[in-house]
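Numbering of ligands and ligand atoms starts at 1, following listing order.
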Amino acid sequence: MGNPHVLVIPFPAHGHITPLLELSQCLALKHGISKITFLYPENYHQLVKHALATEEGIADRIRLLSIPVGPKNSSLEDASDYRWKMIDDGYFSMPEKVKELIEQVNAADSDKITCILADQILGWPMEIAKEKGIQGAIFSATAALLFVVRLCIPMFIDDGIIDNDGNITKEQMLKLSPSMPTVHTSYLTWPSFGKWQKLFFEFAYTKNKSLQLADWALCNSTYELEHATFDTQPKLTPIGPLLASNSSRENSSGNFRPEDLACLKWLDQQPPQSVIYVAFGTTAFLDGSEFQELAMGLELTNRPFLWVVRSDIVTSNANDAYLQGFKDRVGSRGLIVSWAPQQEVLQHHSIACVLFHCGWNSTLEALSNGIPLLCWSDFADQLFNENYICNVWEVGLQFNQVDGKLITREEIKNKVEELLSSEKYKANALDLKKKLRNSIKEGGFSYNNLRSFVEWLKI
Ligand code: UDP
């Protein structure tokens, strides 16, 4: 048995860093991997520190190594543009830096890097693994369906559904296998990436290569959620859901978005299964009218709600006065925070449902707690996730827009009532909760997959 040293390379976005860090902790604390180097973008220092477990000896097992993404001292927001460059060639010569790091570490007699585990969005790490003759594994932080749909791009081009630049030339439903859910061409993700469309498409197009080069392809999902999709791509291995194991985190003062822990006390005062939790993850935005309709809709429900209003969630900032008037009207029935300890919130018995943007992490977090969902998706993988939630797993409802544009306050009120007055959605969510929790327990499907991966790391 060898002594593995895993170099972990996340993609620089909150929703990609946290599951890969969680996987690293899982490998170190539960599966005996004693050496992990976690290479993270320096803008995310506080997030990484916050999410890291406080167990004794963790620093010996997981070495945190920061690298710049974007110009010196660039903010998290500035970095969002640079991170797309990283998909391609790695900004600031990242591949070269990774190669140097491996050469430097592996010049020593012990603790040589034996494996690169990288987010599947990054194209270059598997090439480095091959070049250096070490093991390589990719990790998908999104649903398996999204991964498999991208693998089908050559087929879509052959069928005349998209052109060589990724433009959709034929609007239609796509059925990738008899048992996989159908997806509409409008769900294909790269057109929603604006100026990065071409880059993103080109990468998606060449993803086959990365998958071929990798020895393992891990996915933060479960067989129970996506069996038909996993059946079409046996190399893709479900090991999720990766949930924060670190519920006794140190106080949140170091978190780059300070968590409002007082909301947990507020939740303690609410009746069981009464609260609508509203959150749009880290990057989804609302325009002024959407924001106001959402506020009015929550007011109309006459139910308690906990609403995460990130400082940057509204694309125009004319809403402060509006928000104050709204707060005065709803009084103690509603609580607004700028960032919540979401995983703890979702475990609270007072939560009735989640109204959200359909991010994959939030989906897994809610379903792992048996909570039904209201879907307000916008772009990228959110559309796939919404389809799963509403049409495949039947654990939630989506909002309809008026004239394809605005979700109105009445629609919000009506969908909340429809969701909470039916037993079906809650029952289905509880059923999935059991399956997801069993999957990561000792002997479960995801657990066994992770064990096999660990055995392979030790070869
Ligand atoms: N989150 C949080 N507090 C909040 C809102 C979100 O901790 O107030 C976390 C949430 O638990 C999840 C992540 O932010 O792990 C959002 O990831 P997701 O994939 O759902 O959405 P993204 O931000 O990637 O669009």
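Under a 3.5 Å cut-off, the side chain of E226 and the backbone N or O of A144 do form a donor-acceptor pair.
Note: an N/O pair closer than 3.5 Å links S362 and ligand 1 by distance alone. For ligand 1, one of its N or O atoms has an N or O atom of H357 under 3.5 Å away. For A340, a nitrogen or oxygen atom sits less than 3.5 Å from a nitrogen or oxygen atom of ligand 1, counting backbone and side chain alike. When only interatomic distances are considered, the shortest N/O to N/O separation between Q382 and ligand 1 does not fall below 3.5 Å. Polar contact with ligand 1: absent for Q343 (N/O pair, distance under 3.5 Å).
There is no side-chain donor-acceptor pair under 3.5 Å between S377 and Q398.
With a 4.0 Å cut-off on non-hydrogen atoms, H16 does not touch ligand 1 at all. Here W339 has heavy atoms under 4.0 Å from ligand 1 in both its backbone and its side chain. Contacts with ligand 1 closer than 4.0 Å are made by side-chain heavy atoms of V308 only, the backbone lying farther away. With a 4.0 Å heavy-atom cut-off, ligand 1 is reached by no atom of R310.
Judged by the shortest distance from any of its heavy atoms, T18 lies outside the 4.0 Å radius around the atoms of ligand 1. Heavy atoms of Y277 approach ligand 1 to within less than 4.0 angstrom. Using 4.0 Å as the threshold, E259 has no heavy atom nearer than that to any atom of ligand 1.
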